*Asks:* 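Quick one: structure below, then a few questions.
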Amino acid sequence: MAAPAASPPAGIQRRFFGCSKIGEYDMMQKLGEGTFGEVHKACHQKTGQIYALKKILMHNEKDGFPITALREIKLLKMLSHDNVLKLEEMAVERPRTEGRKRAILYMVTPYMDHDLSGLLDNPDVHFSEPQIKCYMLQLFKGLRYLHDNHILHRDMKAANLLINNRGRLQIADFGLARHYEEPIPQRGKGNGEARRDYTTLVVTRWYRPPELLLQLRRYTPAIDMWGAGCVFGEMFKRKPILAGQSDLHQAQIIFEMVGSPNEQTMPGWSTLPGAEPVKQFQPSTGNLAQRFRELNREGLDLLSQLLLLDWRKRINAIDAIDHPYFKTSPRPMREEDIPTFADSHELDRRNARGQKQALPPAPAGGTVGGGPNGEWNGSGQHPNGAHWGNGDRRYGGPQDRGPPGVERPRGGYDRRPPYDHRPPPPPPDRERRPNWGNGAERHSHLPPPPGEGRHPLPHPPRHGGNGDRRAPPGDTYIPSYDNDGPRRSRDRRDRTRSRSPDRRERPRERDRDRDIYRR
Ligand SMILES: Nc1ncnc2c1ncn2[C@@H]1O[C@H](COP(=O)(O)OP(=O)(O)OP(=O)(O)O)[C@@H](O)[C@H]1O
């Protein structure tokens with residue numbers, strides 16, 4: 001594959017060997033269904049080594065190679081750290097059938113026995129505090145490396161943290177990552193401030209920090225630190241700690257937990273574009289200490305510094321590594337002392353529950369050659385949007401899993417873990433639309449999470465204009481569409497639409513989501 005040349009950020013070494021043929025691997029089982037592909041376990045025939053192969057789907061060959069995949073490959077090629085997943089090589093599957101002209105590409109990474117989400121969902125697995133400390137330290141080291149090298153991950157969550165049976169944790173999934181153009185965080189100085197705008201359409205909702213929910217565009221590595229805080233809490237609770245059902249609900253439960261924003265706790269919050277609906281919330285003093293009674297003083301201090309509303313002061317990865325929590329008893333476990341567990345991946349969780357998670361729309365990203373930066377071709381139609389709807393590359397494509405909540409027949413690779421007892425959770429949506437004021441509360445139909453008898457919030461007020469299709473203020477990458485949505489090609493998406501009422505509705509939503517181009 002001829003990936004475009006990229007200068008590695010300072011301090012990052014080039015390390016990459018090239019391409020092999022897919023025939024050199026024996027496929028074993030499906031591990032995950034990702035945003036732009038599927039992840040399979042595979043064995044290298046010659047060496048017997050086990051790898052994970054992430055297949056990059058191109059739903060329409062004319063669209064070319066997805067820019068998100070290209071970005072992930074470019075970044076991973078340059079990164080080299082014990083706590084960042086390594087891209088070993090690319091594997092190519094040449095077209096064998098008539099009609100398919102392009103090769104299918106696979107990203108080859110070392111096989112990791114678990115992702116943290118799958119592991120936490122396995123009732124046979126119990127984390128001790130020294131083990132949690134060991135994982136959190138590794139996470140902070142990986143984040144420090146990324147941030148030191150001007151990289152924002154922008155999708156920190158348990159499912160993107162891979163763990164092997166030698167106690168090693170690695171940050172994976174760089175599909176949303178990007179270069180950060182600002183000075184890097186300094187010891188004792190929080191995460192600093194950004195000078196340029198970035199898109200707020202990043203981070204899976206349950207791990208999304210308050211400043212992004214309020215649509216701060218000049219965000220910093222602090223967004224990844226918030227996600228790390230959510231993961232820290234999740235390791236104790238064994239489930240996501242902030243499972244919002246809409247962006248507004250997400251903001252509400254955040255402020256209930258850490259206290260309402262004010263000029264002391266979150267300076268400047270009230271002037272952010274998304275602040276208005278938050279001003280209607282009931283005031284809260286927060287309940288973090290009550291919710292995390294199991295944490296000692298140092299643990300609670302670290303958690304509250306990670307979940308600090310003020311993104312400028314939120315603890316950075318350098319200081320998190322040095323936090324007293326890791327220096328006080330019980331000390332972090334050594335990686336080699338961590339017990340081994342049966343393989344657990346997030347897909348197991350979904351399959352075990354007989355439920356297809358509401359797969360959130362992926363960042364549309366674009367395709368190579370789709371525009372000056374691969375994001376927008378100026379024709380009123382996103383280069384890949386006609387085929388992927390909202391940029392959710394899983395819809396309508398050969399790997400179409402149907403709309404959320406609609407079961408599809410199990411594929412040959414699907415598997416169930418030995419544990420299968422609990423009720424399904426709400427789908428962990430990763431929608432990329434931040435505007436709660438645009439009537440786009442896509443998941444308001446979802447039931448409250450188990451154990452939370454909360455009613456869905458009423459729809460927030462509309463901002464007017466063309467509603468869902470309106471670009472957030474200042475977002476020059478977002479085209480507007482006419483009321484009928486963008487022109488659609490006669491691809492399989494049209495056929496999909498007629499299958500069920502649910503499916504008929506989905507493309508509309510997806511059309512809205514197509515407006516999201518990642519910056
Ligand atoms: N190297 C690996 N070893 C084992 N499992 C892996 C590996 N890479 C990915 N997976 C599994 O596949 C899942 C999806 O992978 P990944 O997050 O890279 O794809 P994605 O397209 O970005 O997915 P998503 O859209 O869900 O974030 C992971 O949560 C994990 O369970």
Side-chain angles (χ1 to χ4, degrees), residues 1-9 12-81 84-97 100-112 115 146 151 153 155 160 162 170-179 362-363 365-370 374 384 393-394 397-399 413 518:
M1 188 200 69
S7 336
I12 290 187
Q13 300 288 312
R14 271 188 189 283
R15 167 200 53 73
F16 201 64
F17 300 106
C19 281
S20 64
K21 294 194 182 97
I22 195 66
E24 293 171 26
Y25 294 88
D26 289 328
M27 292 293 189
M28 295 165 75
Q29 70 200 36
K30 184 148 96 179
L31 299 169
E33 289 174 322
T35 301
F36 55 78
E38 291 179 346
V39 184
H40 296 265
K41 187 174 179 179
C43 176
H44 191 262
Q45 289 166 348
K46 272 200 196 133
T47 63
Q49 282 273 22
I50 305 294
Y51 291 97
L53 267 54
K54 187 160 164 177
K55 178 180 184 178
I56 297 161
L57 295 174
M58 287 188 278
H59 291 281
N60 190 296
E61 306 224 330
K62 276 181 277 166
D63 289 343
F65 197 78
I67 193 79
T68 44
L70 197 59
R71 282 171 169 161
E72 180 167 22
I73 294 161
K74 278 169 63 180
L75 271 177
L76 279 180
K77 269 171 65 179
M78 296 188 279
L79 300 177
S80 174
H81 188 270
V84 174
L85 187 68
K86 184 176 170 195
L87 180 63
E88 299 281 356
E89 63 166 2
M90 299 298 295
V92 187
E93 183 181 341
R94 301 259 167 232
R96 261 172 286 154
T97 52
R100 182 156 72 80
K101 294 193 193 76
R102 290 187 198 232
I104 295 176
L105 286 160
Y106 294 80
M107 294 167 63
V108 181
T109 57
Y111 173 70
M112 302 289 281
D115 65 58
L146 296 180
I151 291 163
H153 184 274
D155 200 11
N160 286 340
L162 303 180
Q170 295 188 323
I171 300 171
D173 191 357
F174 284 75
L176 275 181
R178 66 153 294 143
H179 184 252
T367 52
V368 176
N384 55 0
R393 282 151 283 188
R394 288 169 288 215
Q399 312 302 326
Y413 285 125
R518 181 157 72 92

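Since this is a predicted model, take the numbers as computed values, not measurements. Count residues from 1 along the sequence.
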*Asks:* If you define the side chain from C-beta out and look only at heavy atoms, does anything of Ile56 sit under 4.5 Å from Ile73?
*Replies:* yes
*Asks:* What verdict does the side chain to side chain contact (heavy atoms under 4.5 Å, CB included) test give for His40 and Met28, after you've listed the backbone C-alpha separation in whole Å, the side-chain angles of each residue and the deciding distance to 0.1 Å?
*Replies:* CA-CA 7 Å; His40 296 265; Met28 295 165 75; over 6 Å; no
*Asks:* Between CD of Gln49 and SG of Cys43, what distance do you get to the nearest 0.5 Å?
*Replies:* 8.5 Å
*Asks:* Rounded to the nearest 0.5 Å, how far does CG of Asp173 lie from CG of Asp155?
*Replies:* 5.5 Å
*Asks:* May I ask you to decide whether Glu93 forms a salt bridge with Lys55, counting only side-chain N to carboxylate O separations under 4.0 Å?
*Replies:* no
*Asks:* Should Phe174 and Leu85 count as side-chain neighbours, where that means a heavy-atom distance under 4.5 Å?
*Replies:* no
*Asks:* How long is the gap from OH on Tyr25 to CD1 on Ile50, to the nearest 0.5 Å?
*Replies:* 11.0 Å
*Asks:* Roughly how far, to the nearest 0.5 Å, is the CG atom of Leu53 from the CD atom of Glu89?
*Replies:* 8.5 Å
*Asks:* Say you draw a straight line from CE of Met90 to CD1 of Ile22; how long is it, rounded to the nearest 0.5 Å?
*Replies:* 10.0 Å
*Asks:* How many angstroms lie between atom OH of Tyr51 and atom CE of Met112, to the nearest 0.5 angstrom?
*Replies:* 13.5 Å
*Asks:* Would you say Arg178 and Arg71 make side-chain contact, with heavy atoms under 4.5 Å?
*Replies:* no
*Asks:* Is the shortest side-chain heavy-atom distance between Gln29 and Leu31 below 4.5 Å?
*Replies:* yes
